[in-house]
2 protein chains.
Amino acid sequence: MKTVSHRTVGRLTLYWRSLRDLAPEAHSYIYSHDLATRARVTAAQVRRDLMVLGYSGTPAHGYDVGKLRQHIEAFLFPSTEQRVALAGVGNIGRALLKFFAGRRPTLRIVASFEKNPEKYDRLVGGSPCYSIEKAESIIRELNITVGIIAVPAEEAQFVANQFVSAGVRGILNFARAPLQVPPDVYVEDIDLAMSMDKVAYFARHWHQPD
Amino acid sequence: MKTVSHRTVGRLTLYWRSLRDLAPEAHSYIYSHDLATRARVTAAQVRRDLMVLGYSGTPAHGYDVGKLRQHIEAFLFPSTEQRVALAGVGNIGRALLKFFAGRRPTLRIVASFEKNPEKYDRLVGGSPCYSIEKAESIIRELNITVGIIAVPAEEAQFVANQFVSAGVRGILNFARAPLQVPPDVYVEDIDLAMSMDKVAYFARHWHQPD
DNA sequence: GTATTATCGTGAAATAAATCACAATGTGAT
DNA sequence: ATCACATTGTGATTTATTTCACGATAATAC
């Protein structure tokens with residue numbers, strides 16, 4: 001498979017969401033500029049992104065909503081259930097467990113891990129929480145391929161190592177610590193403090209139009 | 001002021017954090033490659049980023065840790081307290097309130113807003129929660145310039161409009177809806193579902209080395 | 001049937017960001 | 001003093017991403 005831009009993958013989820021949220025009867029076809037408006041990008045960007053799908057619209061009607069959506073789903077979503085584990089059931093961790101619970105049939109958090117004995121060995125946010133000690137064996141056993149890290153910065157690298165050696169291939173990292181992982185493991189960082197600082201900075205300094 | 005790259009601003013917070021966390025006595029000087037390792041970027045990237053500060057290191061010792069930190073702080077942080085409001089005290093909103101509480105002296109969440117009457121008119125996560133109806137007047141009154149949106153997608157644009165017309169200049173948006181704002185208002189989107197989808201996608205597909 | 005029109009797909013150009021590569025610098029060894 | 005060295009700051013280059021611009025296409029109007 002040809003390599004697809006990072007950002008394109010992100011925007012495809014925006015398009016998918018827009019299509020999903022269309023009134024079912026109102027539109028059976030949609031134009032690139034309409035999709036673009038909904039996702040707040042340009043029409044050219046939409047058309048460029050959709051090129052990766054191998055599905056074409058027609059000049060007359062644009063894109064068939066149902067078909068386009070199916071092609072995005074085929075591209076973006078796994079064919080079999082993809083399992084996720086989360087480490088660190090503090091403030092953020094618990095909010096994420098609740099947020100992601102039942103959100104997608106093909107992407108499911110099936111376990112969480114925690115260092116603090118008062119928090120593990122019970123259900124948290126809809127899935128069982130285990131001692132972090134058991135992470136490696138449980139991840140293997142349940143065939144988990146995606147990990148979420150929501151532990152303090154000091155422990156993030158340790159958790160990442162456990163995840164990677166157990167077979168996790170993608171990590172969503174909320175810890176305020178840049179992770180060291182093998183090049184074939186994908187890491188997406190969400191650094192809340194950094195984002196906040198950026199917003200505060202640009203709120204004070206004039207910035208270019210979008 | 002010359003316009004500074006989006007990403008540079010983000011990385012400066014990483015460098016600042018690295019400097020802050022150095023053992024105070026261990027290093028009074030630091031080299032670009034050392035900072036680079038800590039922030040998991042390249043040395044050239046560090047030097048390029050630091051150009052915006054107008055502070056130079058010396059070829060012999062690298063950067064004076066104290067001075068570099070001061071310059072980053074002067075660049076990145078406001079001179080007077082910058083006030084923040086949050087809308088939507090659900091799962092994510094409450095976690096954010098707790099997460100940001102007391103984190104920085106110059107950046108403080110001073111109010112939250114909520115539609116549901118059962119949740120407002122009391123303290124939530126350390127700051128008072130008001131009816132969303134009062135947002136505009138309270139934002140003006142308290143001179144709030146930064147807003148966090150953690151409401152459902154359907155209400156996000158309404159809240160953004162309130163924020164903007166009350167004088168908010170930067171928005172951290174957790175809603176899964178692209179916002180429409182004037183070009184001089186900065187928006188940073190954190191789309192948890194999109195990030196999760198991206199991680200899941202790239203966990204399944206081979207990707208280039210970092 | 002032909003002209004008109006709006007849209008699509010995509011090569012080419014523009015813009016943004018990261019990396020390379022090297023002259024300039026200042027330090028310590030001899 | 002002089003040399004060798006590691007590091008800095010930055011112009012030039014490369015890579016990534018977005019936007020432009022236009023030929024091709026198919027529906028509709030006449």
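Side-chain atoms are counted along with the backbone in the values below, which use heavy atoms only and exclude waters and symmetry mates.
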Salt bridge (charged side-chain N to carboxylate O under 4.0 Å, His left out) contacts in which one or both residues fall within residues 156-175 of chain B, not counting sequence neighbours: B/Arg169-B/Asp184
Residues which pass salt bridge (Lys or Arg N to Asp or Glu O under 4.0 Å) with B/Arg94, listed by chain and number, not counting sequence neighbours: none
Atom-to-atom span, NE2 of A/His71 to P of C/dG9 - whole angstrom: 12 Å
Test salt bridge (Lys or Arg N to Asp or Glu O under 4.0 Å) applied to A/Glu141 - qualifying residues, sequence neighbours left out: none
Pair listing, side-chain hydrogen bond (donor to acceptor under 3.5 Å, both in side chains) test, anchored in residues 51-67 of chain A, at least two apart: none
For residues 171-182 of chain A, which side-chain donor-acceptor pairs fall under 3.5 Å, sequence neighbours excluded?
unit_1   : atom_1 : unit_2   : atom_2 : d
A/Asn173 : OD1    : A/Ala175 : N      : 3.0
A/Asn173 : ND2    : A/Ala175 : O      : 3.4
A/Asn173 : ND2    : A/Ala177 : O      : 3.2
A/Asn173 : ND2    : A/Asp189 : OD1    : 2.8

Value in whole Å for how far the C1' atom of D/dT19 lies from CG of A/Asp49: 12 Å
Pairs flagged by side-chain hydrogen bond (donor to acceptor under 3.5 Å, both in side chains) wherever residues 157-166 of chain A is involved - sequence neighbours left out: A/Glu136-A/Ser165, A/Gln157-A/Asn161
What donor-acceptor contacts under 3.5 angstrom involve side-chain atoms of residues 145-154 of chain A, with partners at least two apart or in another chain?
none

Length of the CG-P vector between A/Leu53 and C/dT10, whole Å: 12 Å
SB check A/Arg38 A/Asp21 (cutoff 4.0 Å): no
Short side-chain to backbone donor-acceptor contact, B/Tyr31 and B/Ala60, under 3.5 Å: yes
Close approaches to DNA chain D from residues 7-17 of chain A, in residue order (heavy atom, under 4.0 Å): A/Arg7, A/Arg11
Length of the line joining A/His6:NE2 and C/dA17:P, which is rounded to integer Å: 14 Å
Residue list, salt bridge (Lys or Arg N to Asp or Glu O under 4.0 Å) with B/Arg40, at least two apart or on another chain: none
OP1 or OP2 of D/dT19 under 4.0 Å from side-chain N/O of A/Gln45: yes
Summary of salt bridge (charged side-chain N to carboxylate O under 4.0 Å, His left out) pairs that have at least one residue in residues 41-53 of chain A, sequence neighbours excluded: A/Arg11-A/Asp49
Rounded (10°) bend between the five-pair end axes of the helix from C/dG1-D/dC30 to C/dT30-D/dA1: 0°
Atom-to-atom span, OH of A/Tyr29 to P of D/dT28 - whole angstrom: 11 Å
Below 3.5 Å between N/O atoms, which protein atoms pair up with nucleotides 6-12 of chain D? Just atom names and distances, please.
unit_1 : atom_1 : unit_2  : atom_2 : d
D/dT7  : OP1    : B/His33 : NE2    : 2.9
D/dT7  : O4'    : B/Pro59 : O      : 3.2
D/dT8  : OP1    : B/Ser32 : N      : 2.8
D/dT8  : OP2    : B/Ser32 : OG     : 2.5
D/dG9  : OP1    : B/Ser56 : OG     : 3.0
D/dG9  : OP1    : B/Gly57 : N      : 2.8
D/dG9  : OP2    : B/Tyr63 : OH     : 2.6
D/dG9  : N7     : B/Arg47 : NE     : 2.9
D/dG9  : O6     : B/Arg47 : NH2    : 3.0
D/dG11 : N7     : B/Arg48 : NH2    : 3.2
D/dG11 : O6     : B/Arg48 : NH2    : 2.5
D/dA12 : N6     : B/Arg48 : NH2    : 3.0

